[in-house]
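Quick notes on the structure that follows.
Given the structure is predicted, the values throughout are model-derived calculations rather than measurements.
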Amino acid sequence: MERKKQSVVIAGGGSTYTAGIVMMLIENQDKFPLRTLKFYDNDQKRQEIVAKACEVIVKERAPEIEFIATTDPEEAFTDIDFVMAHIRVGGLSMREKDEKIPLKYGVVGQETCGPGGMAYGMRSIPGVIELIDYMEKYSPNAWMLNYSNPAAIVAEATRRMRPNAKIINICDMPVAIKKSIADILGLDSELEIVDRYYGLNHFGWWTEMYDKEGNDLMPRLKEHVQKYGYASAAEEGNPLLEEASWMDTFQKAKDVYAIDPETVPNTYLKYYLYSDYVVSHANPDYTRANEVMENREKNVFAECKRVADNQSAKDTTIEAGEHAEFIVHLAAALAYNTYERMLLIVKNDGAIANLDDDAMVEVPCIVSKRGYEPLCMGKIPHFQKGMIEQQVAVEKLVVDAYEQKSYQKLWQALTLSKTVPSAKVAKQILDELIEANQEWWPTLS
């Protein structure tokens, strides 16, 4: 049966990931055919760099798709079926401050975890809410697939502030980890893995993994993770882990795993369970933001300019990534009723039986035209339950602080974070973050 063609707007058209999404969409026209592809960004100069290259790519590889790049919300959000949102409010320059300010006080500097994640969350909330409002005004039947970070705080904010919106919050990190797991186990693809997983965004654990024939993959995986984390064995190469910072993160999973060998962890748990290690191995003058700006951003933009100048993408180095693959599978499941099993960030409502119903959890869901249906993970152990409840409270306090414009609530959020050693340090970091975010945050009192 021929599939109906879809209209998509990518919100965050100037992102370094956008060209990769375009490549993935083009490569998957048999699964998710497009009639229109739009870019929307409020930074016209940045978007133009990516859009000019993508216009060439679309013209060469899928000329039947109408391509539009705009900074006008009405033009962008009218007559669309899906919003694929990955905005970064404040850009990489603010990410740099999110990472460097906490490190000055001996605290984890990371874009989604700890004080940096909270600072980023306070900036992201109004940006994502604005996109929802544009979608509901101009295309009220569309779905928003949001992977703007920090996803956990954004998900809590959208649950409260736009409870009836057709938005699904997602993250590709579990997919990236499962790609490494497939490599470790000799599988052709992470799509061969059927898993059970529970937690929050960047804060979860796998309890089961089987292949499609029902063979238990966990014993072999645990044996490997105990020695090497999610990196390949020393004598093996792993093209997924080319950057030193990510290699360290994937290797550190072996120490996170040791705390609870009954499960295998999300890599981001290292920031909460080994924060002293993270800080001692961080360079306060050169963080991940600098690495991205000097490598990924520079390389992607240079390639986009080259493609645009040559008016040809025949030999381009731009590739589709797992970031894009996940969102295409999700959109296709919603559009064509394929009943995919996917990890999504959703309201708990009993999915984790011994956790509050209004927590925004990350669990496997079945996705169809009806939307998503979370699978029940049952009761979870005290260790994970305690950690999750603490982190849920942090995320709720950040949204409280945004809604109430409350200094007190944000101070409480930083103080409660497992990454921050004391209320005194929390206050010092908060005061400096307020100064840095004057342009972006509401005035707190």
Given the rule in the salt bridge (Lys or Arg N to Asp or Glu O under 4.0 Å) test, do Arg3 and Asp30 qualify, once you have shown the distances and angles that lead to the verdict? CA-CA 8 Å; Arg3 294 186 165 186; Asp30 57 330; over 6 Å; no
CA sep, side-chain torsions, deciding dist, call: Glu192, Lys178, salt bridge (Lys or Arg N to Asp or Glu O under 4.0 Å): CA-CA 10 Å; Glu192 294 181 41; Lys178 285 168 67 176; over 6 Å; no
Could you check Tyr271 against Phe203 for ring-ring contact (aromatic ring centres under 6.0 Å, His included), going step by step and ending with a plain yes or no? CA-CA 10 Å; Tyr271 296 108; Phe203 202 99; over 10 Å; no
Does the side chain to side chain contact (heavy atoms under 4.5 Å, CB included) test come out yes or no for Phe39 and Val9, once each step is laid out? CA-CA 6 Å; Phe39 284 8; Val9 58; over 6 Å; no
Full working for side chain to side chain contact (heavy atoms under 4.5 Å, CB included) between Arg61 and Met23: CA-CA 9 Å; Arg61 304 190 183 194; Met23 296 293 273; 3.2 Å; yes
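Glu373 contributes atom CD, which lies 11.5 Å from atom CG of Leu344 (distance to the nearest 0.5 angstrom). Here the straight-line distance linking atom CG of Asn141 with atom CD of Glu136 works out to 10.5 Å at 0.5 Å rounding. Between the CD1 atom in Ile327 and the CG atom in Leu145 there is a gap of 5.0 Å [rounded to 0.5 Å]. We find the CG-CG distance between Asp356 and Asp349 to be 11.0 Å, quoted to the nearest 0.5 Å. With values rounded to the nearest 0.5 angstrom, His202 atom NE2 is found 3.5 Å from Cys171 atom SG. Here the straight-line distance linking atom CG of Asp81 with atom CH2 of Trp143 works out to 13.0 Å at 0.5 Å rounding.
Between Arg88 and Glu111, at least one side-chain nitrogen of the basic residue sits less than 4.0 Å from a carboxylate oxygen of the acidic one, meeting the salt-bridge criterion. Comment: Asp358 engages Lys396 in a salt bridge, judged by a side-chain N to carboxylate O separation of less than 4.0 angstrom. Arg159 and Glu395 are not joined by a salt bridge, as no carboxylate oxygen comes within less than 4.0 angstrom of a charged side-chain nitrogen. Taking a cutoff of 4.0 Å between a charged side-chain nitrogen and a carboxylate oxygen, Glu55 and Lys52 do not qualify as a salt bridge. A salt bridge links Arg160 with Glu403; the closest basic N to acidic carboxylate O contact falls under 4.0 Å. Between Asp172 and Lys179 no salt bridge is recorded (no basic side-chain N to carboxylate O distance below 4.0 Å).
Between Tyr147 and His86, the ring-plane angle classifies as tilted under the 30° and 60° cut-offs. Between His224 and Tyr228, the ring planes are tilted. Angles from 30° to 60° get that label. The aromatic rings of Phe250 and Trp246 sit perpendicular to each other, their planes meeting at more than 60°, with 30° as the lower class boundary.
Side-chain N or O atoms of Asn290 include one that pairs as donor or acceptor with a backbone N or O of Thr287 at under 3.5 Å. Here the side chain of Thr18 pairs a donor or acceptor atom with the backbone of Gly12 at under 3.5 angstrom. The closest donor-acceptor contact from the side chain of Gln251 to the backbone of Ala231 lies at 3.5 Å or more, if one exists at all. The backbone N or O of Gly350 sits less than 3.5 Å from a side-chain atom of Asp357, completing a donor-acceptor pair. Judged purely by atom type and a 3.5 angstrom limit, Thr267 has no side-chain atom pairing as donor or acceptor with the backbone of Thr249. A donor-acceptor contact shorter than 3.5 Å links the side chain of Thr158 to the backbone of Ala155. Side-chain atoms of Asp98 never come within 3.5 Å of backbone atoms of Gly109 as a donor-acceptor pair (strictly under, hydrogens ignored). Not one N or O on the side chain of Glu262 forms a donor-acceptor pair closer than 3.5 Å with the backbone of Thr207. Asn28 places no side-chain N or O within donor-acceptor distance of the main-chain N or O of Phe32, the cut-off being under 3.5 Å. A distance-only check finds no donor-acceptor pair linking the side chain of Tyr198 to the backbone of Glu362 [under 3.5 Å].
Sequence neighbours left out, the pairs with a member in residues 331-340 that pass side chain to side chain donor-acceptor pair (under 3.5 Å) are Gln6-Tyr336.
Remark: Arg296 is positioned above the aromatic ring of Tyr17, its terminal NZ or CZ atom under 6.0 angstrom from the ring centre and at most 45 degrees off the axis. Relative to the ring axis of Tyr277, Lys270 does not place its NZ or CZ within 45° and under 6.0 Å from the centre. In this structure, Lys137 forms no cation-pi arrangement with Phe77, as its terminal cationic atom is not both closer than 6.0 Å to the ring centre and no more than 45° off the ring axis.
No side-chain heavy atom of Gln384 sits less than 4.5 Å from a side-chain heavy atom of Met387. Looking only at side-chain heavy atoms (C-beta outward), Asp276 and Val278 stay at 4.5 Å or farther from each other. In this structure, the side chains of Leu343 and Asp195 come closer than 4.5 Å at one or more pairs of heavy atoms. Annotation: side chain of Ile10 is not in contact with side chain of Lys38 (no heavy-atom distance under 4.5 Å). Using a 4.5 Å heavy-atom threshold, the side chains of Asn146 and Val154 count as touching. Contact annotation: the side chain of Val392 approaches that of Leu200 to within less than 4.5 Å [non-hydrogen atoms, C-beta and beyond]. Between Val8 and Val83 the shortest side-chain heavy-atom distance does not fall below 4.5 Å. Residues Val346 and Cys365 are in side-chain contact: their nearest non-hydrogen atoms beyond the backbone lie under 4.5 Å apart.
Across every non-hydrogen atom of Val256 and Leu269, the tightest pair is CG1-CB, 3.8 Å. In terms of heavy-atom proximity, Tyr274 sits nearest to Asp255 at OH-O, 2.9 Å. Pairing each heavy atom of Ile352 with each of Gly199, the nearest pair is CD1-N, 4.1 Å. Across all non-hydrogen atoms, the minimal contact from Gly90 to Met94 is O-CG, 3.3 Å. Shortest non-hydrogen contact noted between Arg341 and Pro364 is NE-CB, 4.1 Å.
Atom NZ of Lys100 has more than 12 neighbouring heavy atoms from other residues, nucleotides or ligands inside a 6.0 Å radius. Within 6.0 Å of CD in Glu64 there are more than 12 heavy atoms belonging to other residues, nucleotides or ligands.
Asp216 pairs by the side-chain contact (heavy atoms from CB on, under 4.5 Å) definition with Tyr210, Met218, Pro219, not counting sequence neighbours. Checked against salt bridge (charged side-chain N to carboxylate O under 4.0 Å, His left out), Lys379 has no partners two or more places apart in sequence or in another chain.
Checked options Met293, Gln110, Arg95, Glu96; the residue passing with Arg288 is Arg95 (criterion: side chain to side chain contact (heavy atoms under 4.5 Å, CB included)). When the options Asn266, Thr112, Asn201 are evaluated for a side chain to side chain contact (heavy atoms under 4.5 Å, CB included) with Met173, the one that passes is Asn266.
In this structure, a donor-acceptor pair under 3.5 Å is absent between the side chains of Ser180 and Asp183.
Less than 6.0 angstrom separates the ring centroid of Trp206 from the ring centroid of Tyr197.
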